[in-house]
Amino acid sequence: MSLQGTLYNEGSSAPSEVVTWAGNISTHESEPQKKNLFLQSLYQEEQNVPLIDGINGGTKDSQNEIQDADIVNCLDKGVQFWTDFSKVHYHPQSLYEVNGLWLDAQAFDNYGIGRDVFTENLRGEEICNRLRFFVEECDRIQGFQFIVEDSGGFSPVASDFLECIADEYTNTPVLLYAVRGPGTHMNPRSRKQTVIRDLHDAVSFSRLSSFCKMIVPVGLPFLSRSKASTFLNIEDENPYHCSAVCAAALHSTSLPFCMEPLGPTADSSDASGAVDVNGIVQMLAGQSRQNMVAILDVAMPCPSLTGRQDEQSLLGNLQPLTPEVAEDVDDLQAVESMTVHGAIWSEGHRASVSEVKKAIHGAYERAITRPMFCHLSVARCPLPIPLPFPSIFGNLVGQQGELLGSPILGSISRGSLDVHSIPMAARLRSSCAILPFLENRLGNLRKFGIERGSPGTELLRTWGFGKDEVEDIGETLSKMVKTVKPHSEISSDSD
């Protein structure tokens with residue numbers, strides 16, 4: 001990553017001399033990762049030297065198009081790390097590298113292995129100090145949006161960090177997205193691996209949920225086969241593809257936090273429905289049954305509001321990115337918050353804010369099942385598709401994200417050179433449809449960790465959880481199940 005940016009300019013530091021060792025010194029240094037064509041182009045832009053096909057040269061339009069095509073092709077075939085496609089200049093306080101673990105990402109794969117990472121070597125204090133730096137720059141804190149890949153050792157790191165946030169910022173809500181890719185859902189090869197994975201999922205979810213106001217599980221086992229990918233061409237084994245879908249959805253759900261709040265009856269011509277983090281949390285987790293586990297749905301891209309698709313098709317195209325969710329559930333206590341931006345009214349015409357609101361309200365009026373309450377946020381701006389965005393759009397998606405009547409011949413996947421922006425719809429909902437997700441984690445904890453003779457009792461002990469702590473985890477999950485299933489006969493694990 002670049003050491004220079006608009007926020008900072010750091011020169012390379014000279015290696016410090018070792019003054020406590022008088023013997024010979026040997027240095028083992030690995031070769032740095034070679035920059036791909038996209039990163040090379042960013043470097044050349046910083047130096048004001050154009051890059052054409054990887055070679056310094058002229059700047060004719062046709063040559064620039066070739067360069068962009070080469071960059072897209074390079075990224076589609078060769079992304080290994082998130083830094084391969086990121087063009088953001090990060091503040092030096094934004095990134096924290098965990099040193100000294102001597103593990104790769106594949107080995108850092110369960111709750112126990114990351115249990116003490118946060119507290120060792122003053123890491124926790126260093127991480128919290130970085131957060132304080134940015135908090136002190138704020139005039140007012142809406143809340144914290146926290147995203148964690150919770151399938152491995154970073155889950156306990158996140159739990160400890162969240163606990164510190166909860167202690168230091170007591171009245172500040174935390175909205176937590178627990179995200180994982182399809183690769184983390186692979187079937188284990190042995191019973192031992194099954195026990196480890198299922199206990200990790202139960203413990204991780206219970207612990208993370210203890211330090212936030214609302215938690216949203218995100219990540220399907222097979223995204224490519226899901227209804228959410230109807231107009232996409234996804235490779236499940238490619239994190240570059242799957243992360244783009246999650247990022248687009250989270251961007252959409254976060255838009256209301258960035259809108260300028262207006263009066264209760266006032267509407268801007270460009271946006272409507274501003275709400276802050278605390279408002280979303282109170283709306284979804286603080287009302288009715290007070291269920292803190294929300295479901296994330298997405299329509300990517302969302303269909304037009306008129307024309308070939310009827311208005312209700314937008315609601316029908318919203319499909320869950322949250323795993324293990326029940327379908328076609330009639331929940332009279334459901335609460336929803338929906339964001340629609342860049343919606344197309346008809347071919348070549350972006351819908352106005354009032355047109356979107358009218359269409360959505362009409363669709364809910366005609367729906368057979370409807371939530372108890374729905375908050376709607378609307379913005380006219382679509383989701384822009386930058387150059388390094390993966391080529392995941394199917395051949396029914398047009399240049400502005402419109403859904404075509406017939407496929408584009410000779411094109412299976414379309415990327416940023418073909419699709420410049422797309423209309424998006426995303427929805428967070430509190431619904432009893434989350435019940436299978438919760439029951440699976442509670443059932444696995446009981447089967448593998450609580451019942452007499454459970455095969456995972458010793459494993460949990462090595463992770464630092466005694467009998468009482470395991471029962472507390474079970475009690476937490478049991479309360480979550482009872483919240484969305486109040487008439488259930490589930491008993492307390494400690495009874």
Side-chain angles (χ1 to χ4, degrees), residues 227-232 245 248-275 296-319 336-368 370-371 374-386 389 392-408 414-416 418-429:
K227 293 179 181 178
S229 295
T230 300
F231 302 108
L232 305 177
V245 178
L250 299 192
H251 169 81
S252 298
T253 59
S254 303
L255 271 184
F257 308 152
C258 307
M259 295 177 180
E260 287 290 335
L262 301 173
T265 59
D267 268 344
S268 164
S269 60
D270 295 318
S272 172
V275 63
L296 174 63
D297 302 314
V298 67
M300 182 179 178
C302 70
S304 63
L305 301 180
T306 62
R308 187 172 60 88
Q309 297 89 6
D310 65 356
E311 294 173 0
Q312 195 168 343
S313 66
L314 191 151
L315 298 182
N317 274 269
L318 282 164
Q319 299 296 334
E336 301 179 357
S337 174
M338 184 190 302
T339 302
V340 181
H341 60 109
I344 297 175
W345 182 255
S346 60
E347 186 174 350
H349 170 61
R350 296 282 178 193
S352 67
V353 170
S354 60
E355 287 172 333
V356 175
K357 293 172 71 173
K358 181 180 178 180
I360 298 299
H361 291 156
Y364 272 116
E365 286 295 323
R366 294 187 298 274
I368 298 174
R370 66 191 71 170
C374 177
H375 175 269
L376 177 63
S377 299
V378 182
R380 295 202 67 189
C381 61
L383 177 73
I385 306 300
F389 202 87
I392 60 173
F393 300 105
N395 54 15
L396 285 173
V397 181
Q399 188 177 73
Q400 303 304 320
E402 71 276 16
L403 298 179
L404 306 174
S406 58
I408 299 173
R414 292 163 60 77
S416 56
D418 311 301
V419 180
H420 298 167
S421 64
I422 61 169
M424 284 285 297
R427 176 175 64 188
L428 290 171
R429 57 185 167 116

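Owing to the predicted nature of the structure, the values given are computational and were not obtained by experimental measurement.
With values rounded to the nearest 0.5 angstrom, R370 atom CZ is found 12.0 Å from E336 atom CD. Note that CD1 of I422 is 10.0 Å distant from CG of L403, once rounded to the nearest 0.5 Å. Distance check: H361 NE2 to C374 SG gives 7.0 Å after rounding to the nearest 0.5 Å. Distance OG/S252 to CE/M338: 12.0 Å, rounded to 0.5 Å.
Two residues are said to be in side-chain contact when any heavy atoms from C-beta on lie closer than 4.5 Å; L314 and I360 meet this criterion. Proximity of H251 to L383: side-chain heavy atoms (C-beta onward) are separated by under 4.5 Å at one or more points. Within the 4.5 Å cutoff, side-chain heavy atoms of L305 are placed close to those of V356. By the 4.5 Å heavy-atom criterion applied to side chains, M300 and M424 are counted as neighbours. With a 4.5 Å cut-off on side-chain heavy atoms, V397 and P301 count as touching. In this structure the side chain of E355 never reaches within 4.5 angstrom of the side chain of R350, judged on heavy atoms. Between W345 and S352 there is no side-chain heavy-atom pair separated by less than 4.5 Å. The side-chain heavy atoms of F393 and D418, taken from C-beta on, include no pair separated by under 4.5 Å.
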Inset, instruction - Could you walk me through whether V298 and Q319 pass side chain to side chain contact (heavy atoms under 4.5 Å, CB included), step by step? - result: CA-CA 5 Å; V298 67; Q319 299 296 334; 5.8 Å; no
Inset, instruction - Applying side chain to side chain contact (heavy atoms under 4.5 Å, CB included), run through L296 and R427 and close with a yes or a no. - result: CA-CA 6 Å; L296 174 63; R427 176 175 64 188; over 6 Å; no
Inset, instruction - May I have the step-by-step check of side chain to side chain contact (heavy atoms under 4.5 Å, CB included) for V378 and K357, ending in yes or no? - result: CA-CA 8 Å; V378 182; K357 293 172 71 173; 3.9 Å; yes
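Every residue was checked against the side-chain hydrogen bond (donor to acceptor under 3.5 Å, both in side chains) condition with T339, not counting sequence neighbours, and none meets it. Listed by chain and number, the residues in a side-chain hydrogen bond (donor to acceptor under 3.5 Å, both in side chains) with E402 amount to none (sequence neighbours excluded).
The two residues A426 and T253 come nearest to each other via the heavy atoms CB-CG2, 3.8 Å. A228 and L232 get closest at one heavy-atom pair: O-CD1, 4.0 Å. Annotation for I344 and G401: closest pair CD1-C, 4.3 Å, computed over non-hydrogen atoms. Minimum heavy-atom separation, G394 to R414: O-CD, 3.5 Å. Nearest heavy atom pair, residue M259 against residue A379, reads CE-CB, 4.0 Å. Closest heavy-atom contact between Y364 and P371: CE2-CD, 3.4 Å.
Applying side-chain contact (heavy atoms from CB on, under 4.5 Å) to Q400 and the options S421, P423, P382 leaves one that passes, S421.
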